[in-house]
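Structure record follows, encoded as structure tokens.
Labels below follow one simple rule: chain letters A, B, ... track the order of the sequence lines, proteins then strands, and each chain is numbered from 1.
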Amino acid sequence: MDARAGAHPEDKDESRHIRERRAKLDAWRAEGGAYPNDFRPDAQAAELSARYAQADPAEAAPVRLAGRIVSKRVMGRASFAHIQDGSGRLQIFLERAPLGATYEAFKHWDLGDIIGVEGQPFRTKTGELSVRVANARLLTKNLRPLPEKFHGLTDQEIRYRKRYLDLIMNPEVRALFHRRGRIIAFLRAFLCARGFVEVETPMMQPLAGGATARPFITHHNALDMPLYLRIAPELYLKRLVVGGLERVFEINRNFRNEGLSTRHNPEFTMLEFYQAYADYRDLMDLTEDLLKGLCEEVLGTTRVPYQGREVDFGQPFARMTVEEAIRAHHPQAPADLRDIASLEGFLSALGLPREPGLEAGGLQMTVFEKTVEAELTQPTFVTAYPAEVSPLARRNDHDPFITDRFEFFVAGREIANGFSELNDPEDQAARFKAQVARRGVGDEEAMHYDADYVEALEYGLPPTAGEGIGVDRLVMLLTDAPSIRDVILFPHMRPKDHE
RNA sequence: GGGCCGUUAGCUCAGUCGGUAGAGCAUCUGACUUUUAAUCAGGUGGUCGUUGGUUCGAUCCCAACACGGCCCA
């Protein structure tokens, strides 16, 4: 590393703050030992605060703490500061008499600098647990001033683009991502406890299948072929069930080449799981147990506040068919919800456009998605989705118009989608052909014919049920987050020119 | 894709009925041994998002563009 003091050609482009801090860094380098990595803390702020909430800190052994200086009050020959570590903040108290040169150095350390301190915990006369510093060292120099201490960082754009600043300045953001981690850990533990094995399937696929969405395309140089970032892992997970992995799950990213919104990010996290010898009703029961357990584990309650509403996971979840849901919200709905002419009249009465290529099932879904979904506030399973819009789901034994499928809604949003799997290879082949026909009339999201997958089914997929749960949306719900960008550490942003 | 709103110091924000800009915090200097949005005194800090237009003069008015936010599709 070139550490020549003062040799910073970029200085003229930088703010005075950065120049001043670089000068301090130069001085630190000149002393030798800049950027050390030999300080080992043996305590954390939150843990110390908890331990001595009642107990007398005078009886504590000296502690070593490391963290970022986030506030500083120098009063002549004594000073207070707060340092922030991964767990929280703790006050430190420094006096000139015992510290000497270290005290003079401390006075020139900046907010944002990362330091290590050693000292005795005590309580100040206002009762705040603090550490009386016997020794302190600068561990990392901060060259760029932190956002203002009182208002913090509120600019949404900077919060998303520089998430590290958001994390430094906003403790609720740290708490949110800790909670996200606990949610995902719970999902894993829940499924593992039921005999599921976690697997990883391809993110780059020769055909992007398993969902209806536009994919991202990339290129493999050595093979000189296009590859698609996956839109779903579904068809690979079911191949594994063919192979005898009878309970599998995957928690990983999907990629969909769509617009950005408060509910959509191009890459998002899905949990998908498949259970042989189970049907969609078994998965509804499992989902209900999972969500109740998750709320209790992570929130300690099944009553979840979300954006001014309260969602109650403690009651048995409502279950209704698509047609029942439509009728419940539209008393004036036509008697026959499978007649295309009646549905077209219904759509125009509701002021909804009729997209080309849709038959009765597709028209039903248009009504449902545009007018009913948003009203489903309390936990609700909606079942009996039309076969037309469910190309991978098993047809119902008594009613071939529908499939043995459900979606789960809460707070007006789809959180999960599950069904008894279509394991009849000939029916699957016919469904793929219908999808290809939809492509022919301009539906770019319709599926391709996946011959390799049909071949796998021909070896025999046991009767199976599978489900996908949108992890980001689940995290939004359990953190009361209004936007998906709030629960993704680095949400997709348009690049901003720096030149 | 459409509508509305925003972009001014490192951060949070004022402001200029068009005459090249202010506050608080931060930062620098000084004072101060129990502070905690510490306090007190003094100082530094800005191509007012970008590009064009109107004008004697634009950060302000107009247009386009960029990025972001909210709502709608």
Looking only at A26(B), U33(B), C67(B), the nucleotide nearest the Glu95(A) side chain is U33(B)
With distance as the sole test, does Thr403(A) use its side chain to make a donor-acceptor pair with the main-chain N or O of Tyr385(A) at under 3.5 Å? yes
Validation row: Leu227(A), His219(A) side chains within 4.5 angstrom (heavy atoms): no
With sugar-phosphate meaning primed atoms plus P, OP1 and OP2, does Met493(A) contact a base, only sugar-phosphate, or nothing at under 4.0 Å between heavy atoms? sugar-phosphate
Glycosidic torsion of U20(B) (syn if within 90° of 0, anti otherwise) classifies it as syn
Atom CD of Glu148(A) and atom P of U27(B) are separated, to the nearest Å, by 11 Å
Please name the pair of heavy atoms, one in Leu129(A) and one in Leu90(A), separated by the smallest distance, quoted to 0.1 Å. O-CD1, 3.9 Å
Hey, does the side chain of Arg77(A) come within less than 4.0 Å of A31(B)'s phosphate (OP1/OP2), counting only N and O? no
If you check every side-chain atom of Ser483(A), which of C70(B), G68(B), G10(B) has the closest atom? C70(B)
Give a yes/no answer on whether the side chain of Lys24(A) brings an N or O atom under 4.0 Å of OP1 or OP2 in C28(B). yes
Could you pick out which residue, Val74(A) or Pro147(A), lies toward the 5' side of RNA chain B when each is mapped onto its nearest nucleotide? Pro147(A)
Whole-Å gap separating P (U35(B)) and OH (Tyr103(A)): 14 Å
Quick one: does Asp85(A)'s side chain have a donor or acceptor within less than 3.5 Å of a partner on Gly88(A)'s backbone? yes
What's the gap between A41(B) and A23(B) when it is taken at their P atoms, as a whole Å value? 14 Å
Six-ring centre of Phe490(A), Arg163(A) cation under 6.0 angstrom, axis tolerance 45°: no
Within the pair Arg96(A) and U33(B), is there a side-chain N or O less than 4.0 Å away from OP1 or OP2? no
Without decimals, in angstroms, what is the distance between Leu153(A) CG and G68(B) C1'? 13 Å
When you compare U29(B) with A21(B), how far apart are their C1' atoms, in angstrom units rounded to a whole number? 26 Å
In whole Å, what is the span from the CZ atom of Arg132(A) to the P atom of U33(B)? 16 Å
Does the base of A37(B) carry an N or O that pairs as donor and acceptor with the side chain of His151(A) under 3.5 Å? no
Using Watson-Crick or G-U wobble geometry with both distances under 3.5 Å, which nucleotide pairs with U20(B)? none
Quiz question: going by heavy-atom distance under 3.5 Å, is there a donor-acceptor pair between the base of U35(B) and the side chain of Glu128(A)? no
Checking contacts here: which listed nucleotide (C11(B), U35(B), G68(B)) is nearest the side-chain heavy atoms of Ile158(A)? C11(B)
When you compare U44(B) with U35(B), how far apart are their C1' atoms, in angstrom units rounded to a whole number? 27 Å
Nearest-nucleotide 5' precedence on RNA chain B, Lys72(A) against Asp155(A): Asp155(A)
Distance-only donor-acceptor test, Thr124(A) side-chain atoms vs U35(B) base atoms, 3.5 Å: yes
Please state the C1' separation for the pair U47(B) and U20(B) - nearest whole angstrom. 11 Å
Set out, in order, the CA-CA distance, both residues' side-chain angles and the distance that settles side-chain hydrogen bond (donor to acceptor under 3.5 Å, both in side chains) for Gln156(A) and Arg159(A), then state yes or no. CA-CA 5 Å; Gln156(A) 293 271 56; Arg159(A) 289 186 48 220; 2.9 Å; yes
Look at Arg494(A) and A66(B) and indicate whether a side-chain polar atom (N or O) is within less than 4.0 Å of OP1 or OP2. no
For C48(B) versus A9(B), give the span between their P atoms, rounded off to a whole number of Å. 10 Å
Take atom CZ of Arg21(A) and atom C1' of G10(B), then tell me their distance rounded to the nearest Å. 9 Å
Is a donor on one side and an acceptor on the other found under 3.5 Å between the side chain of Asn265(A) and the backbone of His492(A)? yes
Just call it for Ser130(A): base, sugar-phosphate, or nothing, with non-hydrogen atoms closer than 4.0 Å on any strand. nothing
Could you please name the partner base of G52(B), counting Watson-Crick and G-U wobble pairs only when both distances are under 3.5 Å? C62(B)
Once you apply the 3.5 Å cut-off to both distances, tell me the Watson-Crick or G-U wobble partner of G10(B), or none. C25(B)
Using atom C1' in both nucleotides, what's the gap between G24(B) and G15(B) to the nearest angstrom? 15 Å
Measure the distance from CG on Asn170(A) to C1' on C11(B) and round it to the nearest whole Å. 12 Å
Check: Arg73(A) side chain, U35(B) base, donor-acceptor under 3.5 Å: yes
CZ of Arg161(A) versus P of U7(B): gap in Å, rounded? 17 Å
With rounding to whole Å, what would you report as the distance between A14(B) and G3(B) at their C1' atoms? 28 Å
Inter-nucleotide C1' distance (A58(B), U8(B)), Å rounded: 14 Å
Candidate nucleotides U35(B), C28(B), G68(B), ranked by approach to the side chain of Gln156(A) - the nearest: G68(B)
Any donor-acceptor pair under 3.5 Å linking the side chain of Ser49(A) with the backbone of Glu47(A)? no
Mind checking Arg485(A) for me? I need base, sugar-phosphate or nothing, with any heavy atom below 4.0 Å counting as a touch. sugar-phosphate
For G45(B), what is the paired nucleotide under Watson-Crick or G-U wobble rules, both distances under 3.5 Å? none
How would you label the contact of Gly259(A) with the nucleic acid (heavy atoms, under 4.0 Å): base, sugar-phosphate, or nothing? nothing
Mate of U33(B) where both pairing distances stay under 3.5 Å, Watson-Crick or G-U: none
Starting from P on C11(B), measure out to CG on Leu111(A) and report it in whole angstrom. 15 Å
